[in-house]
Amino acid sequence: MKLSARIAAPVAALVLAGLTATACAPQTSDTSAKGDEKSGTLRVWLFQEVGNKPKEKVVDTAVAAFEKSHKGAKVEVEYIPVDTRAQRIKAAFNDPKSAPDLIEYGNSDTAGYVKDGGLADVTEEFGAWEEAKDTDPIAKQSVTVGDKVYGAPFFVGVRALYYRTDVFKDLGIEPPKSQAELISTAKKIHKAKPDLYGLAVGGAYTYGAMPFIWSHGGEIAGESGGTYKSAINSEKARKGIEAYTSLFGDDNCPAAKCASMGGNATVTAFASGKAAMAIGGDFSHAAVEAGSVKGKYAVVPLPGIAPNSIAPAFAGGNNIGVLKSSSHRTLAVDLMKSLTGKKTQAEMFDAMGFLPTYTDVLDNAAKKQPFVAPFVQTLGAGAKFVPASPAWGQIDASLVLPNMFQEIVSGRKDVAQASDDAAKKMDAAFTDAG
């Protein structure tokens, strides 16, 4: 199943709530490896998930197969916390001797990591890899900068609308078919059931807010001749910001409680029974299943402006790349293939719910698990991406957009002033990135 050709930029992140909050490492003078050892120990850094044991089991299987077929090679896997990965990876780029051979990274980090000189160019090996021929073209873009490939897609993630079937049945209402219905339904539910957020929203939930901006025709930034300029203060973007921030208040999700919430917190609110709706990812499925709402919820695509339309969603997910500093390049590339190959991606879907990046494996996943359908529909309707600029990591790490939303919902600034200020900060970051 092909992801929509309308996804105009790399598919890929975070999982959980945005794996893009990284600070760019300074460009190093020379991180190239000296030699290509055909034996020894390879070190791998992967992200630690909320429930990491199923991921570890799949990875252990892939590593065992790799070690069996590569005599003399050993693999050490370390699971690093997502919230400190920026500092760890920055240090690795600047100190090749202590760096791992492979890293897992959010797709929106690709451009920045390439600019920093940290990732190895594996264009030739990727092109000769038989399985890679079934990689969806849009997923391939997530590891591509210019015309060169810097890793392999690990999984793709996208968000949709989780809703409580028992609450909707009790109130005699249907899932919303448009964004206006979504907002009015959220407020109707909270009025009828004041102990519930109608729709859990978060002032720090950048990737939950973006569909509102995109559905109104707004953009985060525009690109011309390789140069990016913020578009967050355009009239269309402001309409989306107004729609999203209208959900913060005593009639749905009080700003005092919701302004500081991120994506994980909104999903947790839903899973624990404190919200009737939430914008969550395919990767949120396991957490919701483990919550008190198990058996009492369903998922539909997040509605857009027009009735029965689907709002553009952020196409997130992760990649695995070989560091340029690795002294085991050939082995590291083979291990990258083992960790991101079809067998591992199919097993990772079964274990974690992560969507595969191969068209045939994704087809099989959709047939196997009905919960995948709304997310595949969302991808097919045309997902979108953050600016493919090295500056995005700094913009995200600096919380430019969360601060903008929080200034609005707190009443400190109106939409026009807050978006103008955010645009200035974004443009400064784009200029600094070159």
Going by ring-ring contact (aromatic ring centres under 6.0 Å, His included), name the residues that satisfy it together with Y150, two or more places apart in sequence or in a different chain.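 Expected list: none.
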Run the salt bridge (charged side-chain N to carboxylate O under 4.0 Å, His left out) check on E56 and K53 step by step: do they pass? CA-CA 5 Å; E56 291 177 29; K53 289 299 181 183; 3.7 Å; yes
Are a donor atom and an acceptor atom from the side chains of [X] and [Y] found within less than 3.5 Å of each other?
X    : Y    : result
Q345 : T357 : yes
T61  : E347 : no
Y207 : D396 : yes

With sequence neighbours excluded, tell me which residues meet side-chain hydrogen bond (donor to acceptor under 3.5 Å, both in side chains) with S39.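 side-chain hydrogen bond (donor to acceptor under 3.5 Å, both in side chains) list for S39, sorted by chain: empty.
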For D360 and K133, run salt bridge (charged side-chain N to carboxylate O under 4.0 Å, His left out): C-alpha distance rounded to whole Å, both residues' side-chain angles, the deciding distance at 0.1 Å, then the answer. CA-CA 11 Å; D360 52 343; K133 292 177 172 56; over 6 Å; no
Assess the residue pair D350 and K368 against the criterion (salt bridge (charged side-chain N to carboxylate O under 4.0 Å, His left out)); give the C-alpha distance rounded to whole Å, side-chain angles, the decisive distance to 0.1 Å, and a yes or no. CA-CA 9 Å; D350 289 339; K368 184 186 296 185; 3.2 Å; yes
Report yes or no: does Q406 contribute a side-chain atom to a donor-acceptor pair with the main-chain N or O of A259 at less than 3.5 Å?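 Side chain of Q406 to backbone of A259, a donor-acceptor pair under 3.5 Å: yes, one is there.
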Whether the side chain of T340 engages the backbone of F154 through a donor-acceptor N/O pair (distance < 3.5 Å, no angle test) should be reported.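 No, T340 side chain to F154 backbone: no donor-acceptor pair under 3.5 Å.
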Measure centre to centre between the rings of Y297 and Y163, then say whether the value is under 6.0 Å.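 Here the rings of Y163 and Y297 have centres that are no less than 6.0 Å from each other.
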Would K384 and E219 satisfy salt bridge (charged side-chain N to carboxylate O under 4.0 Å, His left out), going step by step from the backbone distance to the final call? CA-CA 10 Å; K384 293 175 74 70; E219 296 290 348; 3.1 Å; yes
